[in-house]
Amino acid sequence: GPVHLLVTDLLLPEMDGTALARILAGKRPEMRTLFVSGYAEGVLGAQRTGPEKPDVLDKPFGRREFLERVRHILDGAAAHVPAE
């Protein structure tokens, strides 16, 4: 079935979240991505403010903030996978 949203941390044991998102987006181009991280600035750098700014939720965050962001993304706000 369809995957509407990938929620992934930016820092993962085997690869970073942006690499995971790129791999999955190749198979499911309709999928949107929400990155969560306590270290987004260090991982994303300039991509965080560029023209194709990814959706990032900074840790720590509460349940309400998470659910509002998910709803916002699923309701049509563009989510982009950062380029390498």
Side-chain angles (χ1 to χ4, degrees):
V3 175
H4 299 285
L5 180 66
L6 167 67
V7 178
T8 182
D9 202 299
L10 282 168
L11 300 176
L12 300 171
E14 300 295 321
M15 70 175 69
D16 66 47
T18 58
L20 174 64
R22 276 193 296 277
I23 290 167
L24 294 176
K27 298 175 183 186
R28 299 185 181 272
E30 74 287 350
M31 180 188 75
R32 297 174 188 268
T33 302
L34 172 60
F35 296 103
V36 296
S37 182
Y39 307 99
E41 287 299 322
V43 176
L44 291 175
Q47 293 175 354
R48 190 157 183 189
T49 58
E52 294 190 8
K53 180 176 114 174
D55 282 304
V56 179
L57 186 56
D58 293 311
K59 292 179 186 176
F61 53 84
R63 181 177 1 159
R64 182 182 181 122
E65 185 178 2
F66 175 76
L67 293 174
E68 286 174 353
R69 183 66 68 91
V70 167
R71 182 77 273 152
H72 177 75
I73 292 168
L74 292 177
D75 284 346
H80 301 283
V81 176
E84 285 188 68

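Because the structure is predicted, anything quoted here is derived from the model rather than measured.
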Atom pair [atom1]/[atom2] of [X] and [Y] - distance to nearest 0.5 Å:
X	Y	atom1	atom2	result
D55	I73	CG	CD1	4.0 Å
L5	T33	CG	OG1	7.0 Å
H72	L74	NE2	CG	10.5 Å

- Sequence neighbours excluded, which residues qualify as side chain to side chain donor-acceptor pair (under 3.5 Å) partners of E68?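 Applying side chain to side chain donor-acceptor pair (under 3.5 Å) to E68 gives R64.
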How close do [X] and [Y] get, counting heavy atoms only, and between which atoms?
X	Y	result
L34	F66	CD2-CE1, 4.0 Å
E30	V3	OE2-O, 4.0 Å
F61	D58	CD2-O, 3.5 Å

Counting only pairs under 3.5 Å, give me each side-chain donor-acceptor contact of residues 7-14, with atom names and distances, residues two or more places apart or in other chains.
residue	atom	partner	partner atom	Å
D9	OD1	L11	N	3.0
D9	OD2	K59	NZ	2.5

- Backbone N or O of V56 within a donor-acceptor pair of the R69 side chain at under 3.5 Å?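 At least one qualifying donor-acceptor pair exists.
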- Message: Can you confirm whether R28 sits close enough to L6 that some side-chain heavy atom of one is under 4.5 Å from a side-chain heavy atom of the other?
- Response: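 Counting from C-beta outward, R28 and L6 never come under 4.5 Å.
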- Item | With R71 via salt bridge (Lys or Arg N to Asp or Glu O under 4.0 Å) - residues at least two apart |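 For R71, the residues satisfying salt bridge (Lys or Arg N to Asp or Glu O under 4.0 Å) (neighbours in sequence not counted) are D75.
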